[in-house]
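Treat the numbers as computed from the prediction; the structure is a model and nothing was measured. Convention: sequence-line order gives letters A, B, ...; per-chain numbering from 1.
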Number of protein chains: 2
Amino acid sequence: MATTEPTADICCPPLSTGPLQTADAETLASVLKALADPVRLQLVSLIASSGEECACNLPAAVGKSQPTVSHHLRQLVDAGILDREQRGKWAWFSLRQERLDEVCAILSC
Amino acid sequence: MATTEPTADICCPPLSTGPLQTADAETLASVLKALADPVRLQLVSLIASSGEECACNLPAAVGKSQPTVSHHLRQLVDAGILDREQRGKWAWFSLRQERLDEVCAILSC
DNA sequence: CAAACATATTGACATCTGTCGATATGACAG
DNA sequence: CTGTCATATCGACAGATGTCAATATGTTTG
C-alpha cells in the first residue's frame with residue numbers, strides 16, 4: 001500500500017537544492033523503485049506509446065504471466081505512475097505523465 | 001559490475017516514443033535501481049548540494065556504517081551517477097548531472 | 001619499513017522482490 | 001441466478017538487496 005496519496009506531489013525541491021530529509025528520501029525512493037524494473041518500464045512504455053492499453057494485451061506483450069503483470073501494474077498505480085479505469089470486464093491503464101515530470105523536476109530540469 | 005560503460009548513454013528515446021526493447025529496459029532499470037534507495041538519494045543530494053563531498057563525512061551524514069555507505073557509493077559510481085576522485089587518502093565524490101539529465105530525457109522533457 | 005588512518009571488500013544474515021500456479025473476486029451475457 | 005471471462009489476490013519459493021562486524025587494501029607520514 002502507498003504511504004502517501006498517489007495524486008499528491010512526490011516530495012521536494014531539486015536534489016541539488018539541499019540535503020534530502022529521510023522521509024522525503026523514502027517517498028521519492030518509493031516512486032523510483034516502482035520504475036526501476038525492466039518489466040514495469042516496458043509496461044509504462046507500451047502504455048505511454050499507445051496512450052492507453054487494456055490489461056488483457058499486456059501479459060503477451062511483455063512475456064510474463066497474468067498474475068505477474070497484474071502485480072506490476074498495481075505497483076505502478078500505487079506509485080501514481082499509471083491510472084486505472086474499468087470498462088466492462090476490462091481494465092485500461094494510462095500514463096500519468098505529470099508523475100514522471102515530477103520525478104524529472106527533482107532529478108534536474 | 002556494470003554491464004555497460006557508465007559513461008555511455010543509457011539507452012533510448014523517450015518512453016512514449018515506442019515500446020522499450022528488453023535490453024534497453026534492463027539498462028534503464030539498472031540506473032533507476034541505483035537511484036531507488038533512500039540512503040542513496042540522500043547521498044546524491046548531499047553531494048549535489050555541496051558540489052563534491054569527501055566519503056569521510058558521509059556515514060555520519062546519513063546515519064549508516066562506513067561499509068554500508070561505501071557499498072552505496074559504489075553502486076552510484078557503477079551506475080554512472082557519481083564520479084569518484086582519490087585525493088590523498090580521501091575519496092571525493094561528485095555528481096554526474098548529465099546522467100540524471102539522461103534519465104529525465106527518457107522519462108519526459 | 002612500520003604505524004596510522006581512510007576506504008573497500010568479505011561474509012553472514014534478515015528482509016524484500018519477482019515470479020508463477022491456484023484460487024478468489026468482480027463484471028457481463030444469457 | 002448461473003456460467004463465462006478478465007483481473008486480482010494468495011501462497012510459495014528462489015534470488016536479490018541492505019545492513020553491519022571483521023578484515024583487507026591502499027595511501028600518507030614518521
Side-chain angles (χ1 to χ4, degrees), chain A residues 1-3 6 20 22 25-44 46-47 52-79 81-94, chain B residues 1-3 6 20 22 25-44 46-47 52-79 81-94:
Chain A
M1 73 208 76
T3 52
L20 216 47
T22 304
E26 282 167 1
T27 304
L28 177 55
S30 72
V31 177
L32 288 168
K33 205 166 289 192
L35 284 171
D37 177 90
V39 174
R40 288 195 289 272
L41 286 172
Q42 286 190 291
L43 291 170
V44 168
L46 280 162
I47 292 165
E52 58 179 6
E53 198 59 56
C54 175
C56 55
N57 301 324
L58 296 173
V62 301
K64 298 290 171 185
S65 73
Q66 180 269 321
T68 295
V69 170
S70 179
H71 169 69
H72 286 309
L73 289 171
R74 189 192 208 297
Q75 294 195 56
L76 289 166
V77 170
D78 283 350
I81 296 163
L82 295 184
D83 268 337
R84 194 198 116 114
E85 189 191 343
Q86 186 85 29
R87 292 188 202 159
K89 15 184 188 181
W90 293 275
W92 287 77
F93 292 85
S94 55
Chain B
M1 76 209 74
T3 52
L20 216 47
T22 303
E26 281 167 1
T27 304
L28 176 55
S30 72
V31 177
L32 288 168
K33 204 166 290 192
L35 284 171
D37 177 90
V39 174
R40 288 195 290 272
L41 285 173
Q42 285 190 291
L43 291 170
V44 169
L46 281 162
I47 292 164
E52 58 180 6
E53 198 58 55
C54 176
C56 53
N57 301 325
L58 296 173
V62 300
K64 296 291 171 186
S65 72
Q66 180 269 322
T68 295
V69 170
S70 178
H71 169 68
H72 286 309
L73 290 170
R74 189 192 209 296
Q75 293 195 57
L76 289 166
V77 170
D78 283 352
I81 296 163
L82 295 183
D83 268 337
R84 195 199 116 112
E85 189 191 341
Q86 187 85 28
R87 293 187 202 160
K89 19 184 185 180
W90 293 277
W92 287 77
F93 292 85
S94 55

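- Scored by the side-chain hydrogen bond (donor to acceptor under 3.5 Å, both in side chains) test, A/Gln66 finds no partners at all (sequence neighbours excluded).
- The nearest whole Å value for the distance from the CG atom in B/Leu58 to the P atom in C/dA6 is 14 Å.
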Practice task
Between protein and nucleotides 23-30 of chain C, map the contacts as a letter string: B base, S sugar-phosphate only, - none, heavy atoms under 4.0 Å, written 5' to 3'.
Solution key: ----SS--

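- Nearest-nucleotide mapping onto DNA chain C: of A/Ser65 and B/Leu73, the residue sitting toward the 5' end is B/Leu73.
- Here the side chains of B/Val62 and B/Leu46 are in contact, with some heavy-atom distance below 4.5 Å.
- A pairwise comparison of heavy atoms in B/Leu32 and A/Leu35 identifies CD1-O, 3.7 Å as the closest pair.
- The side chain of A/Arg74 contributes an N or O atom lying less than 4.0 Å from OP1 or OP2 of D/dT9.
- One end of the helix from C/dC1-D/dG30 to C/dG30-D/dC1 points its axis 30° away from the other end's axis, with each axis taken from 5 pairs and the angle rounded to 10°.
- To the nearest 0.5 Å, the span separating SG on A/Cys56 from NZ on A/Lys89 amounts to 11.0 Å.
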Set out, line by line, the N/O atom pairs under 3.5 Å between protein and nucleotides 11-14 of chain D.
none

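- Nucleotide D/dA6 holds its C1' atom 11 Å from the CZ atom of A/Phe93, rounded to whole Å.
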Practice task
Check the pair B/Val39, B/Thr68 against side-chain contact (heavy atoms from CB on, under 4.5 Å), reporting the backbone distance first and the verdict last.
Solution key: CA-CA 10 Å; B/Val39 174; B/Thr68 295; 5.5 Å; no

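- Here D/dT17 presents its P atom at 11 Å from CG of B/Asp37, a figure rounded to the nearest Å.
- Residue B/Asp78 contributes atom CG, which lies 12 Å from atom P of D/dT17 at whole-angstrom precision.
- Not counting sequence neighbours, the partners of B/Lys33 by the side chain to side chain contact (heavy atoms under 4.5 Å, CB included) test are A/Ala36.
- Looking at every heavy atom in both residues, A/Leu41 comes nearest to B/Ala25 through CD1-O, 3.5 Å.
- Distance CD (A/Glu53) to C1' (D/dT7): 15 Å, rounded to an integer number of Å.
- Comparing A/Cys56 and B/Ala36 by the nucleotide of DNA chain D that holds the closest heavy atom to each, the one mapping nearer the 5' end is A/Cys56.
- A search for side chain to side chain contact (heavy atoms under 4.5 Å, CB included) contacts involving A/Pro67 returns A/Ser65, not counting sequence neighbours.
- Take the nearest nucleotide of DNA chain D for A/Arg84 and for B/Lys64: the residue whose nucleotide is more 5' is A/Arg84.
- Between D/dA8 and A/Ser70, a contact under 4.0 Å exists linking OP1 or OP2 to a side-chain N or O.
- Which of D/dT7, D/dT9, D/dA22 sits closest to the side chain of B/Pro67 comes down to D/dA22.
- Closest to the side chain of A/His71, out of C/dG18, D/dA6, D/dT19, is C/dG18.
- Atom CG in B/Leu41 sits about 11 Å away from atom P in D/dG18, given to the nearest Å.
- The two residues A/Cys54 and A/Trp90 come nearest to each other via the heavy atoms SG-CD1, 3.4 Å.
- For B/Glu53, the side chain to side chain contact (heavy atoms under 4.5 Å, CB included) test picks out B/Ile47, B/Ser50, B/Asn57, B/Leu58, with sequence neighbours left out.
- Following rounding to the nearest Å, B/Trp92 (CH2) and C/dA6 (C1') show an atom-to-atom distance of 13 Å.
- With rounding to whole Å, B/Glu85 atom CD is found 15 Å from C/dT7 atom C1'.
- Between C/dT7, C/dC20, D/dT7, one nucleotide has an atom nearer to the side chain of A/Thr68 than all others, and that is C/dC20.
- For the residue pair A/Val31 and A/Ile81, the shortest heavy atom distance occurs at O-CD1, 4.0 Å.
- Once rounded to the nearest 0.5 Å, the distance linking NE2 of B/His71 with CZ of B/Arg40 reads 6.5 Å.
- At D/dT19, one or more side-chain N or O atoms of B/His72 fall inside 4.0 Å of OP1 or OP2 (strictly under the cut-off).
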